Amino acid sequence: MEKPRNIVIVGGGTSGWMTASYLAAAFGDRVSITLVESGKVGTIGVGEATFSDIRHFFHFLGLDEREWMPECNATYKLAVRFENWRRPGHHFYHPFEQMRAVDGFPLADWWLREPLTDRFDRDCFVLASLCDAERNPRFLDGSLFEQDYVEDKDDVARHTISAYQGAQFPYAYHFEAHLLAKFLTGYATERGVRHVIDDVVDVALDERGWIDHLRTGEHGELGGDLFVDCTGFRGVLLNQRLGEPFISYQDTLPNDSAVALQVPLDMERRGIRPCTSATAQDAGWIWTIPLFGRIGTGYVYARDYCEPDEAERVLREFVGPAAADASANHIRMRIGRSRNSWVNNCVAVGLSSGFVEPLESTGIFFIHHAVEQLVKYFPGEDWDPTLRTMYNNAIAHCMDGVREFLVLHYKAALRADNEYWRDTKTRAIPDGLAERLELWRSRLPDAETVYPYYHGLPPYSYMCILLGMGGIPLRPSPALGLTDDTAARKEFQLLRDRAEHLVRRLPTQHEYFSRMRRQQPDL
C-alpha cells in the first residue's frame with residue numbers, strides 16, 4: 001500500500017497516544033504519524049479502569065506488565081463491584097469469568113432453581129471470593145492463578161480483540177490515565193511518531209469537503225492523508241469542522257456530569273481491592289478505583305436531580321477526611337455517539353467519537369476497539385467507501401450495545417427510594433432491550449437473546465446484572481425440574497473448594513506490586 005501514508009492525530013491524552021502507539025506498532029515505518037496536541041488541554045481522568053480485553057492492546061505493542069504497570073501506578077481488576085443498587089449494604093460482582101455450564105444449562109439457572117446461599121456471584125464464580133478477600137490474581141512468582149484460561153507466554157503473534165472474542169481473561173487493569181499517556185508518548189516517539197505541541201487554529205478543507213491541512217499557531221501548516229480526531233468532547237475535526245451530527249443517549253441515560261477526586265492514601269494499610277466499585281447514590285453512583293498509592297474516585301450524576309456543589313459535597317463525605325485537601329475536577333459529559341465516526345478522511349477516536357457513563361469502564365475499551373477497527377479497515381489509495389461504512393457500522397453497533405447494557409443496570413435495579421431511582425423504572429429504554437427483557441423473564445440471557453452485534457459484553461454479563469440488581473423477576477428453566485442435579489451440585493462444590501484454596505494461597509495486591517517495584521531499580 002502506497003497511500004495514504006501520512007496520518008495526523010489531533011489531540012493527545014490517552015486516546016491520542018493509544019492511537020499513535022497502536023498505528024506505529026501495526027504499520028511501522030510504512031506510515032508517517034504526526035500527533036499534534038495543545039499544551040493547554042489536560043486529560044480527563046475518568047478512564048482509569050478497563051475491560052480485560054485491554055491486555056491485547058499491550059500485547060500488540062509488545063509490552064510486558066513489568067514495563068508499564070509500575071510507571072502508571074497500575075493494579076489488577078477482577079470485577080466490578082456494585083454496592084447498594086438493590087438495597088443499602090448489599091453488594092455483588094460482575095467478574096471477568098465465564099459462567100460454567102452443567103448439562104447444557106448455565107450455573108445461574110441451577111442456582112435460580114435452588115440457591116445455595118444468597119450470593120449468586122460467590123456460588124457461581126471463583127473471582128467473587130477473591131475480590132471479597134482482596135486477593136491478587138497472580139502468585140508472587142508471577143504465575144497466573146488456576147483458571148480455565150491458559151496463558152501462553154511463548155505466543156509471538158500479536159493479539160487483537162477480534163481474534164480472542166469469547167476467550168475471557170480473568171483480569172483487567174486500573175491505571176492513572178495521564179501516566180499511561182506519558183508512557184505511551186515515549187513508546188510512540190521512539191518508534192518514529194512526530195510529536196508537535198501546538199494549538200490548531202484552523203482546519204482547511206478541499207473542494208470535496210475533505211480535510212486538506214491543519215493550520216497551527218507556531219508550526220504552520222500540517223498536511224496529511226488521514227486525520228484522526230482525538231480532541232475529546234469538543235470533536236474539533238469531526239463535529240465542529242465537518243459538521244457530523246451527534247446522537248444523544250440522554251433520553252435513556254440521563255447522567256450527564258461527574259466530579260472526580262484523586263486521593264492519596266496509605267494503600268498498604270487500606271488494602272488494594274482488586275475491583276472497581278460502583279456505589280449507588282441519590283442521583284447516580286460513585287466509582288472507586290484503587291491504584292498503587294491512591295484511589296481515583298468520582299460521582300457520576302444527573303444535573304436534573306443534583307447540582308454540582310451538592311455532588312461534590314456527597315463525594316467528599318463518601319471518601320472521608322482524606323478527601324479534604326483533594327482538588328475536585330468537575331466534568332460535563334457528552335453522552336451518546338457521533339452519527340458516523342469516520343467521515344471523508346477524518347476518523348474520530350475516543351470521546352470525540354462517543355461516550356457513555358463509565359459504569360462498566362468502557363471508555364478505554366472504546367478507544368482500543370476503535371483503533372483496532374481502524375487498522376482492520378484502513379483505506380487504500382482508492383479510499384473504498386465500503387471500508388468506511390463497515391468501520392462506522394462496527395463502531396455504532398459497539399456503542400449502541402453498551403448503551404443497552406448500561407440501561408439494563410438501572411432498569412433492573414431494585415432500588416426505588418427517591419425520584420431519581422423511581423424514574424429509572426419508567427424512563428424510555430431502547431426498543432431492542434424492551435423486547436429482550438420480555439424474553440429474559442422466561443429464560444436467562446444467552447447468545448441468541450442478547451444484543452446481536454459485538455460490544456464486548458457476553459451473555460453471562462447480562463445474567464450477572466439481572467441476578468445482582470434484583471428488580472426483575474427471573475425464573476429457572478422448567479426443564480431443570482425434571483433433570484438430575486447431582487452434577488450441578490458437584491460443580492458448585494468444586495467452585496467453593498477452589499475459591500477457598502486460592503484465598504489461602506494468593507498474595508494481596510500490595511504485596512505483589514511492592515515486589516514488582518522492588519525489581520524496578522528506577523522506581
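None of the values given here were measured: they were computed from a predicted structure. Heavy atoms only: backbone and side chains are in, while hydrogens, waters and symmetry mates are out.
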Can you find a side-chain donor-acceptor pair between [X] and [Y] that sits under 3.5 Å?
X: Ser353; Y: Ser341; answer: yes
X: His56; Y: Glu372; answer: no
X: Glu357; Y: Trp285; answer: yes
X: His174; Y: Thr276; answer: yes

- Task: Would you check, one step at a time, whether the test ring pair (Phe, Tyr, Trp, His ring centres under 6.0 Å) holds for Tyr460 with Tyr462?
- Result: CA-CA 5 Å; Tyr460 89 85; Tyr462 289 79; 9.7 Å; no

Taking the basic N atoms (NZ, or NE/NH1/NH2) and the acidic carboxylate oxygens, is any pair closer than 4.0 Å for [X] and [Y]?
X: Arg313; Y: Glu317; result: yes
X: Asp417; Y: Arg415; result: yes
X: Glu312; Y: Arg316; result: yes
X: Arg337; Y: Asp400; result: yes
X: Glu83; Y: Arg81; result: yes
X: Arg294; Y: Glu176; result: yes
X: Glu404; Y: Lys411; result: no
X: Asp132; Y: Arg119; result: yes
X: Arg100; Y: Glu97; result: yes
X: Glu419; Y: Arg422; result: no

- Check side chain to side chain donor-acceptor pair (under 3.5 Å) between Ser442 and all other residues, then give those that pass, not counting sequence neighbours.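 With neighbours one apart ignored, the set is Arg475.
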
- Passing candidate, ring-ring contact (aromatic ring centres under 6.0 Å, His included) with His397, options Tyr451, Tyr391, Tyr453: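 Of the listed options, the one satisfying the test is Tyr453.
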
- Message: Which residue is it: Phe58, Phe57, Phe51? I am looking for the one with a ring-ring contact (aromatic ring centres under 6.0 Å, His included) to His368.
- Response: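 Of Phe58, Phe57, Phe51, ring-ring contact (aromatic ring centres under 6.0 Å, His included) with His368 is met by Phe57 alone.
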
- Check whether more than 12 heavy atoms from other residues, nucleotides or ligands sit under 6.0 Å from atom CD of Gln250, and answer yes or no.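 Atom CD in Gln250 is crowded, with more than 12 foreign heavy atoms closer than 6.0 Å.
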
- Minimum heavy-atom separation for Cys275 to Pro290, with atom names?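 For Cys275 versus Pro290, the nearest heavy atoms are O-CD, 3.5 Å.
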
- Task: Would you check if the distance from the ring center of Tyr173 to the ring center of Trp68 is below 6.0 Å?
- Result: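 Ring-ring flag for Tyr173/Trp68: true, centres closer than 6.0 Å.
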
- Message: Please tell me whether His90 and Phe82 form a close aromatic pair, meaning their ring centres lie under 6.0 Å apart.
- Response: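 Not close enough - the centres of the two rings lie 6.0 Å or further apart.
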
Backbone N or O of [Y] within a donor-acceptor pair of the [X] side chain at under 3.5 Å?
X: Tyr299; Y: Ala283; value: yes
X: Ser338; Y: Ser352; value: yes
X: Arg86; Y: Leu414; value: no
X: Asp121; Y: Tyr93; value: yes

- With Phe318 via ring pair (Phe, Tyr, Trp, His ring centres under 6.0 Å) - residues at least two apart: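 Phe318: no ring pair (Phe, Tyr, Trp, His ring centres under 6.0 Å) contacts found.
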
- Are the side chains of Tyr512 and Leu506 in touch, meaning some heavy atoms are under 4.5 Å apart?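 A side-chain contact under 4.5 Å is absent here.
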
- Item | Heavy-atom side-chain contact between Trp440 and Leu433 under 4.5 Å |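 Trp440 reaches Leu433 side chain to side chain.
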
- Under the 6.0 Å and 45° cation-pi test, does Arg334 pair with Phe233?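 No - Arg334 does not lie over the ring of Phe233 by the 6.0 Å and 45° rule.
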
- Nearest 0.5 Å, what's the OG1-CD1 distance between Thr75 and Ile289?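 With rounding to 0.5 Å, OG1 (Thr75) is 9.0 Å from CD1 (Ile289).
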
